[in-house]
Amino acid sequence: MLGVLEVAHRILGEALEADLRALKKMAKRFERDELTHGTLAEDKTARLEDAKKAQERLFLNVTALSDALDVPPPLPGLCGAGDVLLEDDSDDDEGGGQGGLSVFAKGSEAGGASNGPFGDEESRAFYCDLPDLLNSVPAKLLGLSEAEAAELKERRAQEKRGEDAEEAEGAEEAEVA
């Protein structure tokens, strides 16, 4: 019985890889059609969504079987079809590209600084530059005593002074070079 499941795992893994390649080609072809015609027909959009859903279901089945057999999934970098964007850089038929998956879309070609998965600097700041709750919320609402809050504030002040000193050292080294 275990041998049959291992063969099924291998076959489903190969089907997953083939399905991913086909989905990638379809998405690339539809993207070209959209650029050429300005819009994508509803039937093509529906076919692409159906193909993505089928690929996601296959991925979930292969992952479940991999977990049951206690073996790694065939595509370890794959983290769910809904969470992944296909790379458009490489074409498997040309052999020149790497192929694979990208966690977020390409956004650094604009010539500016890379904001990673964030669209612009404003959204990056919204998610990354969080205010210090100890300065805006009373310590009792956070479940801390006044002494604990003072200790945390002092510790954060020391960390900030250490970061400032490291930045100053880096600036001095840049000036020397």
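The structure displayed is predicted, hence computed values, not measured ones.
- To the nearest 0.5 Å, the span separating CG on L20 from CZ on F59 amounts to 10.5 Å.
- More than 12 heavy atoms of other shown residues, nucleotides or ligands fall within 6.0 angstrom of atom CD in Q158.
- Applying the side-chain contact (heavy atoms from CB on, under 4.5 Å) criterion to S136, with sequence neighbours excluded, gives L133.
- The nearest pair of heavy atoms linking L65 to L5 is CD2-O, 4.1 Å.
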For salt bridge (Lys or Arg N to Asp or Glu O under 4.0 Å), just list the numbers for E151 and R155, CA-CA rounded to whole Å, side-chain angles, deciding distance to a tenth of an Å, and then say yes or no. CA-CA 6 Å; E151 181 182 329; R155 194 178 319 152; 3.0 Å; yes

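- Within the 4.5 Å cutoff, the side chain of L16 has no heavy atoms near those of the N61 side chain.
- Atom CZ of R156 sits about 8.5 Å away from atom CG of N135, to the nearest 0.5 Å.
- The distance from the NZ atom of K24 to the CG atom of D19 is 13.5 Å, given to the nearest 0.5 Å.
- Taken from CD in Q55 to CG in D50, the straight-line distance is 13.5 Å, to the nearest 0.5 Å.
- Across A51 and L23, no two heavy atoms sit closer than the pair CB-CD1, 3.7 Å.
- When all heavy atoms are compared, the tightest approach of S145 to A139 is O-CB, 4.2 Å.
- Taking 4.5 Å as the limit, some side-chain heavy atom of L48 sits within range of a side-chain heavy atom of K52.
- Looking only at side-chain heavy atoms (C-beta outward), E31 and L40 stay at 4.5 Å or farther from each other.
- D120 and S123 share a side-chain donor-acceptor pair at under 3.5 Å.
- V4 and L12 end up in different hydrophobic clusters when Ile, Leu, Val, Met, Phe, Trp and Tyr side chains are linked at under 4.5 Å.
- Contact check on E154 versus R161 returns a salt bridge, with a Lys/Arg side-chain nitrogen under 4.0 Å from an Asp/Glu carboxylate oxygen.
- Among residue pairs with one or both ends in residues 7-16, those qualifying as side chain to side chain donor-acceptor pair (under 3.5 Å) are H9-S66, R10-E14; sequence neighbours excluded.
- Taking 4.5 Å as the limit, some side-chain heavy atom of D33 sits within range of a side-chain heavy atom of K44.
- Contact annotation: the side chain of V7 approaches that of I11 to within less than 4.5 Å [non-hydrogen atoms, C-beta and beyond].
- Atom-to-atom distance recorded for L60:CG and L58:CG is 9.0 Å, nearest 0.5 angstrom.
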